[in-house]
**Q** 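Have a look at the structure that comes next, please.
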Amino acid sequence: MAVDEKTVAEVAHLARLQIDGELVSEYAREMSNVLALAETMNDIDTSDVEPMAHPTHAVQRLRDDAVTETNQREAFQQCAPSVEAGYYLVPQVIE
Amino acid sequence: MHTHSIAAIRRHLSNGDYSSKELCAHLLARIKQLNETNNAFIEITEKEALSAAEQADNTRASGGAASLLGVPLAHKDIFCTKHVRTSCGSKMLKNFVPPYDATVVDKLAASGAITLGKTNMDEFAMGSSNENSHFGSVANPWDNARVPGGSSGGSAAAVAARMVPATTGTDTGGSIRQPAAFCGITGIKPTYGRVSRYGMVAFASSLDQGGPMATTAEDCALLLESMAGFDERDSTSIDQPVDQYSAELNRSLDGLRVGLPRQYFSSDLDAPIADALQQAIEELTRLGVSFVEVDLKNQSLAVPAYYVVAPAECSSNLSRFDGVRYGHRCDGPVDLEDLYKRSRAEGFGREVKRRILIGTYALSAGYYDAYYLKAQKVRNLISQDFTQAFENVDVILGPTTPTPAFKQGENSDDPVAMYLNDIFTIPANLAGLPALSAPCGFVEGLPVGLQLIGNYFDEARLLNIAHQFQQVTDWHLQMPADIRA
Amino acid sequence: MQWETVIGLEIHAQLATKSKIFSASSTDFGAEPNTQANAVDLGMPGVLPVLNREAVHMAIKFALATDADIGYRSVFARKNYFYPDLPKGYQISQMSLPIVGRGSVDVTLDDGAVKKVGLTRAHLEEDAGKSVHDAWQGQTGVDLNRAGTPLLEIVSEPDMRSAKEAVAYARKIHSIVRYIEICDGNMQEGSFRCDANVSVRLSGEKEFGTRAEIKNVNSFRFLERAINFEVERQIDILESGGEVIQETRLYDADKDETRSMRSKEEANDYRYFPDPDLLPVVVEQSLVEQLKQTLPELPEARKARLMQELKLPEYDAAVITADKATADFFESALDASGCTAKLASTWVTGELFSRLNKDGLDLSESPVDVERFSGLLARMHDNTISGKIAKQVLDQMWGSGSTADEVIDQEGLRQISDSSEIEKMIDDVIATNPSQVEEYRAGKEKLLAYFVGQVMKASRGKANPGQLNELLKQKLNS
Ligand SMILES: [Mg+2]
Ligand SMILES: [Zn+2]
């Protein structure tokens, strides 16, 4: 399916990516090409095929319910762009 | 001593021919010098390395004998390293210093290995040329005008240039094998779940797998023994004992049945590469291997399926890079939306954004079934093809890449052309199978690789075959002219 | 026009595990911001989720308690959206294959009728963090301590037809999760949160009307008020020819109204897909059997047993079994005191509860524990004290830590059951009230109460009321 600029804008919004100007049309063209490649999958009928999400057939292992983590706030917040009083700060969120 | 393999280094260290500190100092000097031209390293951890090497020497003096004690190596910058910047080749993580180690980093350190630095890579492991790095592209040591392959391009170039005897890499669609082939070295992508993904920055979680890159299969075996194993911090890691890969290298290949996929040897394959493979087949035949044709009939759909599944997973995996808790944050965001959109747009490069967009689209309402679900079904068919093939053969052999290393800039305008480079490597990722690339010849002075794909957890056999091949060939010993000097 | 209300609830019950659903951080409430958020909770690069066994077990217990289908193979999916309190940019939840499938609960309504409410599903998911909006100028602070706390999201069928029914259902679920000890039910701390999907339609209509979702109501009282407000709002819109729009609304308790939450509304394309970091969760039948053994007697069964074995009236049985702690307290008190079920029930739900209510205490915080309370019941049962005196004794026990016997002895409150002593007091009263005696004997039988009162007063309330009645009648009629 050919992707138009409006679709690029919508998808870019969902993905929270600022995409401006002529890049929108470039992405539209590139996405269309990749999707055209993907559409070659339509050459085969997969109606009876199970989707495969994992390459192994293993099942989820379960962890014991134990608290083994200690407070490492300082270490984690060392690389945070904006922190105050232990909180991560972002521009005001209006609810 | 920079040409020594890990196997040789272990002997020399234990004989006292040189110390780990001497070796590391020598290599660090080379790294600093050669990095000017090939840009294989993003980070050189000289101080930490020398002090660790000294400590390793002391440990050895007091009787320590961990398998990789004092052995230098470098990590792809996708593996989190405590207190050492882990950028993943991205502006997004330009200032990210993790307070934790990846399991692979932990395990290799526990085996005594010394980390000399972090190697360059395509941003977030997305690419086949290492041209998508925020820290600049990497030159192929065989021809500086050519790409080293990707995404583990820095890791491959570093080994090829003998800056370090071995490196770690990750392989989501061929990112260990393709650069190994382009740079004339050996690399193995293990079975999905064999090596822990904990602390390895995720690209496509159901495809990503870490593995070793080195000059020889023997070195890969030694490294993989330390890297592999169950990790309770990774739910997809498999709880199964690790084979002693190095102990099985010398098994005879007599009677082994190897499959040649009809689809891999079609008329499309570059004639010189086909010739190199033919020679390898003859060599292996002399070692007692028999060859049969196998049918991987959905092979042509592997690239299309991959370029839906991998972007879909990446679009979600990379949502955490939002400029809130770590990573790049734009200047003066006017509101939350602006913070997200500009931080991400500025922090991610072109290819990463392209894949996020494709993946977001493939998962979005109305397109999920047509793209994502379809790709998962095709993935199953591709996996079934392998299951059937392995009913008749022990291993599958084919080319690693359709061409030798291409020129920088050659494929950068056309993502689809670039993606088709991964045509032979992607199927093993989709199926989760182990696969190895080893040097098997040269085309116009550029190395080419053969690929071995094994059944689940059959890494030992892949390494065994490659090792036996390397006992009777010397492709893996070739070095670029200026490196040899 | 006759309108019908249609309500379905989504309840988020915080599971009472020690550690988070996918990490080994503590789930304790009230810690300093971001001190209980580890690399996994913060969504740091490269780190991975590992599922907490206890959360899975708790979900299965819920399935067993609500007669629901168990998802023997369930799958975690990612719900993708950007929000500062959602560190990974996606919430790990379950979509097409939840761990709990269809079930139902019986809900007793105000008029005593029992209504079966269908459960659509219940799934495991991780909670988000918390945002603090008012502490900084133009900035919001994010605390991720709560991120990764295990939740069981319990989704009902749109079976409720009034706010009262919805509240009765929510209370029922609250009671069940507390019974089986998978959730502490603390609504102030957000351990039990209700979202209500509300729509209205003309009576007799088959199709549902457009619904609004009211988010995060944190008390039963507010739930009722929020739904009632929303129903009124929708009816007003429809009756004035407008159209209800599908949206998320927030209940403002201060203004007693719901209002649109446009910020959460836009671009609801969550792009669910199976989480590649987690494998399918497979539940073995043997585990289900094992968990079945650990389940306590559930409210319905317990209520039936109390009615049948103890002949407790339905109302008493319902009140007592609505909460496991109450029922446990009741049964222990009954056993230890040897009193009648009715006496224990009246005293637990009456005198004990009214004192707890007054002091704003939970049963677990009661100043009079079950042992001392039993002692009080025992003294009433063996006629050592009357009910009236018992209230006085309980008041003194409340503040002192004394046992009933200690209070009774100290205060000399032992009931007078010596008939000669009572007779003597009756004789005195008769002697000092000749005119009333005359009136009584002339047929004004109402005056009996007057004489009882006088004798009681003389005994300082300690005369055994049964004996006193008996003897008084004998004397007056002789
Ligand atoms: Mg919901
Ligand atoms: Zn939920």
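What you are looking at is a predicted structure, and each value in this text was computed from that prediction instead of being measured. Naming: A, B, ... by sequence-line order, numbering from 1 per chain.
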**Q** Hey, which of C:Ala39, C:Pro274, C:Gly89 has the most heavy atom pairs under 4.5 Å with chain A?
**A** C:Ala39

**Q** Side chain from CB out, backbone as N, CA, C, O: work out which of these in C:Asp275 comes under 4.5 Å of a heavy atom of chain A, or both, or neither.
**A** backbone

**Q** If you count heavy-atom pairs under 4.5 Å between each of C:Glu54, C:Gln36, C:Arg271 and chain A, which one has the most?
**A** C:Arg271

**Q** Go through A:Val67, A:Thr70, A:Val83, A:Asp65 and name the one with the most non-hydrogen pairs under 4.5 angstrom from chain C.
**A** A:Asp65

**Q** When A:Gln60 is tested against each of C:Val282, C:Val56, C:Val281 for side chain to side chain contact (heavy atoms under 4.5 Å, CB included), which residue passes?
**A** C:Val281

**Q** Below 4.5 Å from any heavy atom of chain C, which atoms of A:Glu10 appear? Answer side chain, backbone, both or neither.
**A** neither

**Q** Do C:Ser25 and A:Glu69 pair up side chain to side chain, a donor and an acceptor below 3.5 Å, judged on atom types alone?
**A** no

**Q** Given heavy-atom pairs under 4.5 angstrom as the criterion, report whether the side chain, backbone, both or neither of A:Ala15 touches chain C.
**A** backbone

**Q** Which atoms of C:Leu144 are under 4.5 Å from chain A, going by heavy atoms: the side chain, the backbone, both sets, or neither?
**A** side chain

**Q** State the OG-CD distance between A:Ser25 and A:Glu5, to the nearest 0.5 angstrom.
**A** 5.0 Å

**Q** Using heavy-atom distances under 4.5 Å, tell me whether A:Ala58 contacts chain C through its side chain, its backbone, both, or neither.
**A** both

**Q** Quick check on C:Phe22 against chain A: is it the side chain, the backbone, both or neither that has a heavy atom closer than 4.5 Å?
**A** backbone

**Q** Would you mind checking which part of C:Val132 comes under 4.5 Å of any heavy atom in chain A, side chain (CB onward), backbone (N, CA, C, O), both or neither?
**A** side chain

**Q** So which part of C:Pro280 gets closer than 4.5 Å to some heavy atom of chain A, the side chain, the backbone, both or neither?
**A** both

**Q** Going through the distances and angles, do C:Lys88 and C:Glu126 end up as a salt bridge (charged side-chain N to carboxylate O under 4.0 Å, His left out)?
**A** CA-CA 11 Å; C:Lys88 300 184 294 297; C:Glu126 56 180 345; 2.7 Å; yes

**Q** In the structure I gave you, are the side-chain heavy atoms of C:Lys20 and C:Asn52 within less than 4.5 Å of one another anywhere?
**A** no

**Q** At a heavy-atom separation under 4.5 Å, does C:Leu278 approach chain A through its side chain, its backbone, both, or neither?
**A** both

**Q** Would you check if there is a donor-acceptor pair between the side chains of A:Asp43 and A:Thr40 at a distance under 3.5 Å?
**A** no

**Q** For the interface with chain C, which of A:Glu74, A:Gln77, A:Glu84 has the highest count of heavy-atom pairs at distances below 4.5 Å?
**A** A:Glu84

**Q** Do C:Asp254 and C:Asp256 have side chains that get closer than 4.5 Å, going by heavy atoms?
**A** no

**Q** Picking from C:Pro33, C:Gly141, C:Ser23, which has the most non-hydrogen pairs under 4.5 angstrom with chain A?
**A** C:Pro33

**Q** In terms of heavy-atom proximity below 4.5 Å to chain A, should C:Ala31 be classed as side chain, backbone, both, or neither?
**A** neither

